[in-house]
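Just so it is clear, the model here is predicted, and its values are computed rather than measured. Both backbone and side-chain heavy atoms feed into the values below; hydrogens, waters and symmetry mates do not.
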Amino acid sequence: MAGDDDLGSLLSGLLGDKAGGSAGGVLTSLLAAFAKSQGGSQGGNSLGGLLETLAKSGLGGQAQSWVGTGSNEQLTPDQVKEALPDDTLQKVAAESGVTPDQAAHDIASALPAAVDKLTPQGEVPRVSLDELVKEQKL
């Protein structure tokens, strides 16, 4: 995805310092993996694909709480490990320079806030993350 650095900047800005150093990189790698699986090198709506994967694994209610305008339900590292394909978690961890356990922890701690910020109107944007980054004027 051509805008990985821009996406990382967007996620870091959305998450602030609270998320720690590796969380933004882990989320960038995770969303990039979903973009590539859906739209090749052009990128797809990776946020929608990720949320769909979480819903299929039984986490749809939690994911919907992040998109909606109410409070955000928490996610645990074990839920992340169960919801994501093992090869995806392994790849995200390797690309981010962390262990799979650390990647699951970072995703669990940062994903609810990131999705909440990326869906301010209470619905998943229908544009690719590249387009979303451009809309955020990064």
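Looking at L54 and L111, their side chains come closer than 4.5 Å, going by heavy atoms from C-beta outward. Between T88 and T53, every side-chain heavy-atom pair lies at or beyond the 4.5 Å cut-off. A heavy-atom distance below 4.5 Å is not found between the side chains of L89 and L30. Proximity of V115 to V124: side-chain heavy atoms (C-beta onward) are nowhere separated by under 4.5 Å. Between T119 and L47 there is a side-chain heavy-atom pair separated by less than 4.5 Å.
Residue pairs meeting the salt bridge (Lys or Arg N to Asp or Glu O under 4.0 Å) criterion with at least one partner in residues 93-102, sequence neighbours excluded, are K81-D101, K91-E95.
Taking all atoms of both residues into account, the shortest heavy-atom contact from V26 to A103 is CG1-O, 3.8 Å. Smallest separation of non-hydrogen atoms from L75 and P112: CB-CG, 4.3 Å. Across every non-hydrogen atom of A114 and L27, the tightest pair is CB-CD1, 3.8 Å.
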Could you list the donor-acceptor pairs under 3.5 angstrom formed between side-chain atoms of residues 61-69 and any protein atom two or more places apart in sequence or on another chain?
{"unit_1": "Q62", "atom_1": "OE1", "unit_2": "Q79", "atom_2": "NE2", "d": "3.3"}
{"unit_1": "Q62", "atom_1": "NE2", "unit_2": "Q74", "atom_2": "O", "d": "2.4"}
{"unit_1": "S65", "atom_1": "OG", "unit_2": "Q62", "atom_2": "O", "d": "2.6"}
{"unit_1": "S65", "atom_1": "OG", "unit_2": "E73", "atom_2": "N", "d": "2.9"}
{"unit_1": "W66", "atom_1": "NE1", "unit_2": "Q62", "atom_2": "O", "d": "3.2"}
{"unit_1": "W66", "atom_1": "NE1", "unit_2": "E73", "atom_2": "O", "d": "2.7"}

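Shown here are the side-chain contact (heavy atoms from CB on, under 4.5 Å) partners of D87, two or more places apart in sequence or in another chain: P85. Partners of S57 by side-chain contact (heavy atoms from CB on, under 4.5 Å), not counting sequence neighbours, listed by chain and number: L59, A83.
E82 contributes atom CD, which lies 7.5 Å from atom OG1 of T76 (distance to the nearest 0.5 angstrom).
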